[in-house]
Structure formats: structure tokens, C-alpha cells
Amino acid sequence: MELKYQGKTKDVYQLEDGPLLLKFKDDVTGENGVFDPGANTVGLTIDGAGRAGLSLTTFFYKKLNAIEVPTHFISSDIENATMTVKPATVFGKGLEVICRFRAVGSFLRRYGAYVEEGQKLESFVEVTIKDDDRLDPPISADALTELQILSLEEYETLKQRTVEISNFVKAELAKKGLELYDIKLEFGRDAETGEILLIDEISGGNMRAYKGSEYIEPLQLEKIMLSK
């Protein structure tokens with residue numbers, strides 16, 4: 001296997017027969033030893049976080065594939081913390097798409113003069129550029145098209161699918177008595193067809209989930225969601 005990319009929470013390898021292999025790590029994003037799915041640096045290492053993240057990612061991807069939501073997921077190996085996926089090209093140098101149901105995190109830090117902490121939001125979607133040096137700045141639809149990162153049509157598809165997928169995840173969490181506050185997704189273009197695909201992961205490492213006022217840590221979220 002050829003190592004193509006080393007990321008903060010996973011490494012990407014090229015397989016001989018075409019697909020890619022993602023190796024999930026135990027590193028999670030945050031600052032000063034505190035987990036934060038919105039952070040752009042690795043804040044701590046949690047033993048078992050990689051397998052837990054992959055287990056929950058597999059759970060959601062299988063369900064999304066079953067309802068014909070386009071994703072890059074092919075298969076996974078939980079024991080070895082690896083996932084086989086279709087090759088996809090990212091938009092520009094990479095985008096993150098956040099769907100927010102509550103005013104927390106960076107949204108609250110930016111707009112705290114206008115909202116209260118925890119205030120409900122209506123599937124609010126925002127896009128940020130993956131750029132650690134500039135702290136992953138938010139970017140508008142107009143700027144995305146002006147910079148030729150994507151077209152307005154692709155932006156609308158991205159937004160629609162983000163709302164659809166995020167509300168699907170929210171409904172699955174609600175079955176376990178949990179509330180989804182926000183979730184961070186990534187998309188790319190299928191390397192063969194150009195179709196927009198959901199890529200990366202859907203796990204406790206890229207969402208905030210609560211039970212009442214209690215925040216649910218990533219490993220605990222995986223246990224709750226996958227329990228019978």
C-alpha cells in the first residue's frame with residue numbers, strides 16, 4: 001500500500017486495485033486536552049477512539065447506502081480500524097460542512113451577541129475551508145464560486161445533502177434519547193463519475209451529542225448507539 005496522506009485523525013493509503021484505505025487513529029481534535037469536534041488541532045489521544053469512530057461510521061454509512069444516499073463507503077474492518085472507500089477528489093483544498101441545531105462552539109463564539117448559548121437553530125448549514133493556518137475560516141456560497149472551488153449548483157447539492165444526512169443522524173440519535181447539537185461532514189466528487197459523495201467519517205469525533213444537559217463523549221456515544 002502507498003501512503004497518500006497523513007491526517008490528524010486518520011491516514012490514507014492507495015490500494016493496488018483502485019480503492020483507498022483509511023486507517024483510523026486514536027487521536028481526536030481539541031485543545032489543551034479537551035475534546036472539541038470543531039477544533040483544527042489534535043488535542044488528545046483516547047485509547048480505542050479509532051475503532052469506536054469506525055464502528056459508528058460503519059453503522060451510519062450502511063444505513064445511508066441502504067437509502068441510496070451517495071457515499072464513498074465500500075467496507076470496513078473494525079478490528080484493524082480500517083475502512084475501504086471509493087476514490088474521491090475534494091473541493092479545492094478541502095471543505096468542511098457543518099449543520100447546526102444548537103448555538104454552541106465556534107458559532108456561539110462568533111455570534112454570541114445575537115444568540116444565547118444552546119439556542120435552537122433550524123438545520124443551519126455553514127461551510128468552512130480546511131486551512132489550519134487560518135483557523136478553518138467560514139466561506140460564503142458567492143466566495144466558493146468566485147474562487148472556482150465549486151459551482152452554485154454544486155453548493156445547493158452540498159447544502160441539501162448536508163441537511164438530509166444531518167437530520168437522518170439526528171433522528172437515529174433521538175431513538176436512543178440523545179440530541180444532536182451539531183455535526184461536521186465532508187464531501188467530494190467521485191473520481192470516476194464526478195458525483196458528489198459523502199466522504200470521511202460520521203462518528204462521535206465530528207459531532208456534539210447530549211443527553212439532557214450531559215455531553216456524551218465519543219466512546220460513550222458509540223456504546224450507546226450500537227447497544228441492542
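Counting non-hydrogen atoms of other residues, nucleotides and ligands closer than 6.0 Å to CZ of R51 gives a total of 12 or fewer. More than 12 heavy atoms of other residues, nucleotides or ligands sit less than 6.0 Å from atom NZ of K176.
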As a quick check of understanding, evaluate side-chain contact (heavy atoms from CB on, under 4.5 Å) for M207 and Y181, giving each step before the final call. CA-CA 7 Å; M207 68 177 79; Y181 273 33; over 6 Å; no
Working for salt bridge (charged side-chain N to carboxylate O under 4.0 Å, His left out), residues E164 and R161: CA-CA 5 Å; E164 176 186 5; R161 290 201 179 151; 5.5 Å; no
Yes or no on side-chain contact (heavy atoms from CB on, under 4.5 Å) for E96 and V127, after CA distance, side-chain angles and deciding distance? CA-CA 6 Å; E96 292 176 340; V127 180; over 6 Å; no
Check against side-chain contact (heavy atoms from CB on, under 4.5 Å), I139 and L147: CA-CA 10 Å; I139 186 169; L147 298 173; 4.0 Å; yes
Take I196 and L158 through the side-chain contact (heavy atoms from CB on, under 4.5 Å) test and state the conclusion after the steps. CA-CA 8 Å; I196 293 178; L158 213 65; 4.1 Å; yes
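Judged by distance alone, the side chain of N206 and the main-chain N or O of S203 form a donor-acceptor pair under 3.5 Å. A donor-acceptor pair under 3.5 Å links the side-chain atoms of T145 to the main chain of D142, judged by distance alone. At least one donor-acceptor pair under 3.5 Å links the side chain of T57 to the backbone N or O of I202. Panel note: side chain S227, backbone I224; a donor-acceptor pair is recorded below 3.5 Å. A donor-acceptor contact shorter than 3.5 Å links the side chain of D26 to the backbone of G50.
The pair K8-D132 meets the salt-bridge criterion, since a charged nitrogen lies less than 4.0 angstrom from a carboxylate oxygen. The pair K10-E201 meets the salt-bridge criterion, since a charged nitrogen lies less than 4.0 angstrom from a carboxylate oxygen. K159 has no carboxylate O lying under 4.0 Å from a charged side-chain N of E156, or vice versa, which leaves the two without a salt bridge. Ion pairing between K93 and D131 fails under the 4.0 Å rule for side-chain N and carboxylate O.
Atom CD1 of residue I216 and atom NZ of residue K223 lie 12.0 Å apart, to the nearest 0.5 angstrom. Rounded to the nearest 0.5 Å, atoms NZ (K184) and CD (E186) are 7.0 Å apart. One finds the CD1 atom of I98 at 5.0 Å from the CD atom of E126 (value rounded to the nearest 0.5 Å). Distance CZ/R102 to CG/D182: 11.5 Å, rounded to 0.5 Å. Atom CD of E117 sits about 11.5 Å away from atom CD of Q119, to the nearest 0.5 Å. The structure places CD1 of I129 at 8.5 Å from CZ of R134, a figure rounded to the nearest 0.5 Å.
With F124 as the aromatic partner, R100 does not meet the cation-pi criteria of under 6.0 angstrom to the ring centre and within 45 degrees of the ring axis.
Under a hydrophobic clustering in which Ile, Leu, Val, Met, Phe, Trp and Tyr are joined whenever their side-chain heavy atoms come within less than 4.5 Å, directly or via other members, V90 and L198 fall into different clusters. Under the 4.5 Å side-chain heavy-atom criterion for Ile, Leu, Val, Met, Phe, Trp and Tyr, F60 and V85 are members of the same hydrophobic cluster. Linking ILVMFWY side-chain heavy atoms closer than 4.5 Å, directly or via other members, places Y5 and F91 in a single hydrophobic cluster. L178 and L56 fall within the same hydrophobic cluster, where Ile, Leu, Val, Met, Phe, Trp and Tyr residues are linked whenever their side-chain heavy atoms come under 4.5 Å apart, directly or through other members. V125 is connected to L180 through a chain of hydrophobic side-chain contacts under 4.5 Å among Ile, Leu, Val, Met, Phe, Trp and Tyr, so both are in one cluster.
Between L221 and M225 there is a side-chain heavy-atom pair separated by less than 4.5 Å. Proximity of S123 to N167: side-chain heavy atoms (C-beta onward) are separated by under 4.5 Å at one or more points. Looking at heavy atoms from C-beta onward, E222 lies out of side-chain contact with F59 at the 4.5 angstrom threshold. For the pair L108 and V115, the minimum side-chain heavy-atom distance is below 4.5 Å. Residues E16 and E2 have side chains not in contact (no heavy-atom distance under 4.5 Å, counting atoms from C-beta outward).
Residues P87 and G18 share a closest heavy-atom pair of CG-O, 3.3 Å. Nearest heavy-atom pair, A103 versus L121, reported as atom, atom and distance to 0.1 Å: N-CD1, 3.8 Å. Taking both residues in full, the closest heavy atoms of I199 and A88 are given as CG2-CB, 4.1 Å, listed atom of the first, atom of the second, then distance. The two atoms that bring S55 and I78 nearest to each other are OG-CG2, 3.3 Å, heavy atoms only. For the pair G205 and P218, the tightest heavy-atom approach, listed with the atom from each and the gap, is N-CB, 4.3 Å. Counting all heavy atoms, side chain and backbone alike, P70 lies closest to E195 at CG-OE2, 3.4 Å.
Using the six-membered ring where Trp is involved, F73 and Y61 have ring planes that are parallel, under 30° apart on the 30 and 60° scheme.
Checked against F187 for a side chain to side chain contact (heavy atoms under 4.5 Å, CB included), the options D200, T162, L197 give a single hit: T162.
Residues E153 and S151 have side chains that never bring a donor and an acceptor to within less than 3.5 angstrom of each other. Looking only at atom types and distance, the side chain of T71 has a donor-acceptor partner in the side chain of N65 under 3.5 Å away.
Between Y215 and Y210, the ring centre distance stays below 6.0 Å.
With a 4.5 Å cut-off between side-chain heavy atoms of Ile, Leu, Val, Met, Phe, Trp and Tyr, the cluster of L3 takes in M1, Y13, L15, L21.
Counting only residues at least two apart or on different chains, the side chain to side chain donor-acceptor pair (under 3.5 Å) pairs with a member in residues 73-84 are T58-S76, D77-N80.
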